[in-house]
Amino acid sequence: MRRTEFEIKVWAALKKIPRGRVTTYKELARILGRPKAARAIGNACGRNPDAPETPCHRVIKSDGGLGGYSGGINKKIALLKKEGVKILKGKVENFKNKLYKFI
DNA sequence: CTATTGACGACAT
DNA sequence: CATGTCGCCAATA
């Protein structure tokens, strides 16, 4: 499995997300210097080798939607709820509040 | 090199 | 609010 530099950067950023908070694909793209690569970011997350260890489940869509998860969307929801993040109608409740910005 | 694919985003309808 | 369209980007075939 060849890991590209791009993926490494994405996974590294993921680890900075505090427990109980979330971030968006867009925010990650912005921080990594590729503001329009949100889509590519999502793909990179999916290729993450060591799942729950790298909090790829704390990444959601910019509109509060859940996005997806390699291990099954249910798994993602379970992990988030476990950290105190509530899901309502397929979206993170009050996500703007829990959104983590790398600044 | 080109085509296809996808855990996305912005905007129009 | 729900869908559809189009643009973007990196990985793969």
Side-chain angles (χ1 to χ4, degrees):
Chain A
M1 338 253 217
R2 290 168 313 114
R3 280 145 187 135
T4 66
E5 292 307 311
F6 180 72
E7 293 171 319
I8 303 289
K9 276 174 24 176
V10 173
W11 304 332
L14 289 181
K15 292 179 184 167
K16 298 178 185 172
I17 309 173
R19 195 169 178 287
R21 312 254 332 257
V22 298
T23 192
T24 65
Y25 297 102
K26 181 182 177 177
E27 173 66 4
L28 279 168
R30 182 177 70 76
I31 285 310
L32 296 179
R34 290 260 172 301
K36 301 186 183 163
R39 203 167 188 175
I41 296 286
N43 289 335
C45 289
R47 291 174 192 132
N48 158 35
D50 41 28
E53 214 259 285
T54 298
C56 47
H57 59 280
R58 296 182 191 147
V59 189
I60 63 179
K61 305 211 331 177
S62 62
D63 65 351
L66 291 172
Y69 196 68
S70 297
I73 193 59
N74 275 331
K75 191 83 174 179
K76 183 170 186 175
I77 295 175
L79 285 167
L80 285 174
K81 294 191 75 173
K82 202 172 176 186
E83 299 183 355
V85 179
K86 293 184 181 178
I87 313 297
L88 186 58
K89 293 174 178 20
K91 304 211 173 197
V92 172
E93 190 179 40
N94 255 359
F95 89 95
K96 288 173 187 172
N97 244 347
K98 308 180 177 169
L99 187 58
Y100 175 72
K101 299 199 175 189
F102 296 78
I103 314 299

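Throughout, a chain's letter reflects where its sequence line sits, starting with A, and its residues are numbered from 1.
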*Does a sphere of radius 6.0 Å around CZ in R30(A) hold more than 12 heavy atoms from other residues, nucleotides or ligands, not counting ones at 6.0 Å or beyond?*
yes
How many Å lie between [atom1] on [X] and [atom2] on [N], as a whole number?
X: R39(A); N: dT5(C); atom1: CZ; atom2: C1'; value: 12 Å
X: N43(A); N: dA13(C); atom1: CG; atom2: C1'; value: 15 Å
X: I41(A); N: dA11(C); atom1: CD1; atom2: P; value: 10 Å
X: R47(A); N: dA11(C); atom1: CZ; atom2: P; value: 7 Å

[X] near the nucleic acid: base, sugar-phosphate alone, or nothing, with a heavy-atom cut-off under 4.0 Å?
X: S70(A); value: base
X: A40(A); value: base
X: F6(A); value: sugar-phosphate

*Rounded to the nearest 0.5 Å, how far apart are OG1 of T23(A) and CZ of F95(A)?*
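The distance works out to 10.5 Å.
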*Roughly how far, to the nearest 0.5 Å, is the CG atom of L99(A) from the CG atom of N94(A)?*
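Between N94(A) CG and L99(A) CG, I get 11.5 Å after rounding to 0.5 Å.
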_Go nucleotide by nucleotide along DNA chain C from the 5' end; which of A38(A) and R2(A) gets its closest nucleotide reached first?_
A38(A)
*Apply side-chain contact (heavy atoms from CB on, under 4.5 Å) to the pair W11(A) and D50(A), showing each step before the final yes or no.*
CA-CA 10 Å; W11(A) 304 332; D50(A) 41 28; over 6 Å; no
*Show the numbers, then the answer: is there a side-chain contact (heavy atoms from CB on, under 4.5 Å) between Y100(A) and R58(A)?*
CA-CA 10 Å; Y100(A) 175 72; R58(A) 296 182 191 147; over 6 Å; no
_Taking donor-acceptor contacts at under 3.5 Å, does the side chain of R34(A) reach the base of dC9(C)?_
no
*Opening and closing nucleotides of DNA chain B in contact with chain A, under 4.0 Å to non-hydrogen atoms*: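 Reading along DNA chain B, I get dG6(B) to dA10(B).
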*For K26(A) and G42(A), take the nucleotide of DNA chain B holding the closest heavy atom to each; which residue's nucleotide lies nearer the 5' end?*
G42(A)
*Evaluate the criterion side-chain contact (heavy atoms from CB on, under 4.5 Å) for residue pair L79(A) and Y69(A); output intermediate values, then yes/no.*
CA-CA 11 Å; L79(A) 285 167; Y69(A) 196 68; 3.6 Å; yes
